[in-house]
Structure formats: structure tokens, C-alpha cells
Amino acid sequence: MTAGYHLLVKRLLDGELTLAELPPELRAEGEEALGLVGAADRAPVALSPALEERVMATVRRHAASSQAASLGNRAWRWLNTPRDVQVRLRVRPWTVWAGVLAAAAALALLLGRPTPQAVPGAQARGGVRDSVLVRFVLYAPGAHRVAVAGTFNQWDRGAAPLVPAGRSGVWTTTLALPVGQHQYAFVVDGARWVADPGAPAVDDGFGRRNSIVAVTAQGARL
Amino acid sequence: VGVLLGLEGEATDAEVVRAVLAGDVERYAVLVRRYRDRYARYASRMLGSRDVAEDAVQDALVRAFDRLADCREPDKFAGWLFLILRNRCFAEKRRRQRQERPLDSTDELFAAPDRPDGVYEQLERARALERALLHLTPEQREVFVLKHTEGLAYEEIAGVTGATVASLKMRMHRAYDRLRELMKEHL
């Protein structure tokens, strides 16, 4: 078995002594030891140029899955948060379409706010600061198509269709509206403009009435 | 684009880390380019194989991204990344020990085509040293690599590994003795 290096030789290798500072009888051992550590390869090691793209492809996947998981968690929390939902329907005879539409009622629901806001015709639940979810409900038995058009969708009668709730005659949709005051009306069967009787309305200047909903960061009010 | 390129060259590690944490995932490429080769030699010498080292560096960079929010001192990203790579290298050693697959493929480390002729003897000694290093404990090998390959002082090694200078010297002195025994045919 080879004997270990003398302590002074180890200090030579550590850089604490020079070869000349070693006692003469240790200089040969010192030269041998310097040869040993001098064999250490200090040449740079080049890795594959493809490494960068492999790393970035992986981190992009991880970032995407992390984002999806975060959204999923938030959606799951939202779905599991108890909230009150108030639906109010009003039925009125409609003068022009008497016997066809018995009544129309509208309800705007604001989703997501921690505390309910007692607003006639609406249940406000604020969430997003620059837009809020507002649910539109119309009772229109016998209608084939219902949509809501307003200032938020440039009065496009095909942009926001409502979906029938079975055969109950109730049609609903939920829209994300920006904060601000909006005018709207329901469009029944593509031609009949129906104001929301449960909401304040203004004259549109063409002989019709437009309903008004005010959307704030705290909720929506009719 | 010109502005972005300029920012990449001048941005500090901390600035890039904060940008990535703010959602700019693509900026992480700056750190990948900055550090991919800086620690390649350490990983190669620790693992005895450039291919295994490349996997380790890649894993370390990905793990660093995944845990970037835990990097409490973004201006010390380099040292933080080194610790991740270091753990990866030590884990690789343990994994191979369990699988009884020794780290012994050192020849590829010396296969660089730009080596000049007439250095065959030095090359043989270097290969012998690399093989001998694989017979040291990972802690002994690390202190040898950091001091004699990477050129760090004991105080700097203590700074990146957390060990004391005294314990590092003890490891190194034992490594000298072990290497002398392992290298006796080449000295």
C-alpha cells in the first residue's frame, strides 16, 4: 500500500507552500504530487447546443400545466363557494303580441361578490374589477329564439342568444359586461324588441324603450 | 427586438428571475444560456460522463424553473442553481450505486478533437486521474473538482457547499492520499 503524502506536501498542493519552501528531502514527493493534481483536465466541457431548446420546451410545458392547474383550482373553488341566487320573474301582457307573449321578465345576476347586495331585480356578486358577469333571464313562452342586444354588443341581435331552460319558457344567458352603464333589450324571434319590465328604461329616440343596467366593480344594479 | 436583445445581455440574474416569475417564461432562456456551460465541467467531472452531465444540467435548469419562486435571493441565482445541480449530481451517484452501475465512462471526456498531438502521456495521466476520482467519495471528489478543476479557494468552496474550511481540507487531504494510491502506476 502506498503511503500518504507528507502534510507539508499536502499544504504544497493546497497552495499554502511553494516547492522551494519544502525541505529538500520532500521535494521529489512534492513534484510527484504536483504532477498528480496537474493532470486534472481543466478544458471546458461543451454541452449539446440542443440543450437550451430542450430545457425551454420543458419549462413551457410546466408553465402551461401550472397555469391550467391554477385556473382549475380557482374554478373549483368558485364552483364550491356557496352563493345565493335570486330569480324573479314578472309576467305582463304585451300589447302588440297579446296572446303570444304573456309576459317578459328580466333579471340580472351578478356573480362572485362575497356579500349579497339587496338590489331590486338583481343579486349582485362582484368579482372581476373591470367586468362582471351578468345573467339575463327572460320569460317568453312560445318564443323560438331569444337574444339580448345592447350597447355592450353594438346592438347585434345575433351576438348573445339566450338558452331555453327546458320547456319552462325561461331563457337565460350570462355575459361579462364591462363596468359602466349599459342599455339593452331582448330580441324575440329575431324581430321583436322587448324591454325588460323589471328594469328602468329610457326612450331610445325611435319609439322604443331600452332597459338600463349599471355595472360597477361592486356589482350590477338595474 | 433590438431593445430586447440589449436587455438580455445587460439584465442581471435578479431582473430575469423577477421577469420570469411575473409570467415572462421566455426570459428564462437568458439564464439557460448564461449557465448551461458554466457548470458543465463540474457536472462532467463529478459524474464522469458528459452525457450524464448534460442530463444533470438539463434537469437542474428545469428544476430551478419549477422552484424559481423559492429563490429568495434572485441576485444569487447562480449559487442557488449550483446547489440544485450539486444535489442532482450526488443523487445520480447514489442512484447508480443502488443500480450497481459505476460511473466509469470517462473516455468521452477526453475525446475533444482539438487536442494537439504529442500529449499522449498527459492524456493518459488525465484519464487515469478521472478514473481515480470516481473511486473517491462524492464529497472528496467534489472538493478536488472545485479546487483543482474549477480553481476555487477553500473559502469559496465553503461558500457554495456550506462546509467549513477545516472539514474541506480534511476531505481534500484524504483525497490526496487516496489518489496517490490509485495513481501509483502513472506517477
Side-chain angles (χ1 to χ4, degrees), chain A residues 1-19 21-22 25-71 73-74, chain B residues 20 23 25-26 28-29 32-33 36-37 39-45 50-51 53-54 57-59 61-62 64-66 68 109-110 112 114-115 122-130 132-133 144-145 147-151 153-154 169 172-174 176-184 186-187:
Chain A
M1 181 176 174
T2 307
Y5 286 120
H6 191 281
L7 179 59
L8 291 178
V9 173
K10 291 174 180 172
R11 292 184 61 194
L12 168 72
L13 297 181
D14 284 347
E16 296 171 357
L17 297 175
T18 65
L19 192 60
E21 290 174 311
L22 288 182
E25 66 273 19
L26 287 177
R27 286 181 188 165
E29 185 179 319
E31 287 178 352
E32 176 204 295
L34 288 174
L36 186 152
V37 299
D41 190 346
R42 298 177 181 82
V45 172
L47 302 180
S48 164
L51 179 138
E52 178 184 333
E53 189 43 48
R54 289 201 302 269
V55 170
M56 290 307 296
T58 306
V59 302
R60 285 185 199 110
R61 282 200 308 274
H62 288 197
S65 60
S66 174
Q67 190 176 28
S70 176
L71 287 172
N73 289 338
R74 273 190 285 170
Chain B
V20 174
V25 175
E26 296 304 315
Y28 193 65
V32 175
R33 282 191 287 274
R36 47 162 287 164
D37 289 331
Y39 296 139
R41 184 170 57 187
Y42 165 84
S44 294
R45 299 294 177 258
R50 188 171 49 211
D51 288 343
E54 186 162 314
V57 171
Q58 180 174 324
D59 282 357
L61 286 164
V62 171
F65 174 84
D66 290 342
L68 201 55
L109 295 175
F110 302 93
D114 57 347
R115 289 182 182 278
Q122 293 177 14
L123 204 55
E124 280 299 300
R125 183 178 290 182
R127 283 175 172 158
L129 177 61
E130 291 299 325
L133 286 173
F144 185 93
V145 168
K147 180 160 182 61
H148 293 293
T149 302
E150 299 299 325
Y154 278 122
K169 282 188 176 181
M172 181 69 96
H173 288 187
R174 287 176 179 163
Y176 290 148
D177 292 341
R178 181 76 174 128
L179 289 173
R180 187 184 195 191
E181 183 182 353
L182 293 166
M183 293 278 291
K184 59 187 175 186
H186 300 274
L187 296 174

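Computed from heavy atoms alone, side chains included, the values below leave out hydrogens, waters and symmetry copies. Sequence lines set the chain letters: A, B, ... in the order given, protein chains first and strands last, and positions in each chain run from 1.
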- Query: Given a strict heavy-atom distance threshold of 4.5 Å, which part of B/Leu129 is in contact with chain A: side chain, backbone, both, or neither?
  - Reply: side chain
- Side-chain touch B/Leu61/A/Leu51, heavy atoms, less than 4.5 angstrom: yes
- Item | Worked check of side-chain contact (heavy atoms from CB on, under 4.5 Å) between A/Asp14 and B/Tyr176 | CA-CA 10 Å; A/Asp14 284 347; B/Tyr176 290 148; 2.8 Å; yes
- Given a strict heavy-atom distance threshold of 4.5 Å, which part of B/Phe65 is in contact with chain A: side chain, backbone, both, or neither? side chain
- Checked B/Met183, B/Glu26, B/Arg178 vs chain A; the most non-hydrogen pairs under 4.5 Å come from B/Glu26
- Message: Please give me the minimum heavy-atom distance between B/Tyr28 and A/Met56, naming the atom from each residue.
- Response: C-SD, 4.0 Å
- Message: Heavy-atom pairs under 4.5 Å with chain B - which of A/Ala33, A/Gly15, A/Ala40 has more of them than the others?
- Response: A/Ala40
- Message: To the nearest 0.5 Å, what is the distance between CD on A/Glu52 and CZ on B/Arg33?
- Response: 4.5 Å
- Is it true that A/Asp41 and B/Arg127 make a salt bridge, defined as a side-chain N closer than 4.0 Å to a carboxylate O? no
- Who are the side-chain hydrogen bond (donor to acceptor under 3.5 Å, both in side chains) partners of A/Glu16, not counting sequence neighbours? A/Arg11, B/Lys169
- Message: I want to check something: taking the side chain as every heavy atom from C-beta on, are B/Lys147 and A/Leu13 in contact at a cut-off of under 4.5 Å?
- Response: no
- Message: Keeping B/Arg41 on the side-chain end and A/Arg42 on the backbone end, is there a donor-acceptor pair under 3.5 Å?
- Response: yes
- Query: By a 4.5 Å heavy-atom criterion (distance strictly below it), what part of B/Tyr154 contacts chain A: side chain, backbone, both, or neither?
  - Reply: side chain
- Message: I'd like to verify something: which residue of B/Val145, B/Asp59, B/Val57, B/Asp66 has the highest number of heavy-atom pairs under 4.5 Å with chain A?
- Response: B/Asp66
- Hey, are A/Lys10 and B/Asp177 close enough for a salt bridge, meaning a charged N less than 4.0 Å from a carboxylate O? yes
- Is a side-chain N or O of A/Arg60 found less than 3.5 angstrom from the main chain of B/Val25, in a donor-acceptor match? no
- Rounded to the nearest 0.5 Å, how far apart are CG of A/Leu36 and NE2 of B/His186? 10.5 Å
- Query: Should the heavy atoms of other residues, nucleotides or ligands under 6.0 Å from CZ of A/Arg54 be counted, would the total exceed 12?
  - Reply: yes
- Are any side-chain N or O atoms of B/Arg36 and backbone N or O atoms of A/Ala46, one a donor and one an acceptor, separated by less than 3.5 Å? no
- Which bit of B/Glu150 comes within less than 4.5 Å of chain A, counting heavy atoms only: side chain, backbone, both or neither? neither
- Item | Max heavy-atom pair count under 4.5 Å with chain A, selected residue of B/His173, B/Met172, B/Arg125 | B/His173
- Spacing of OG belonging to A/Ser48 relative to CZ belonging to B/Arg50, to within rounding of 0.5 Å: 10.0 Å
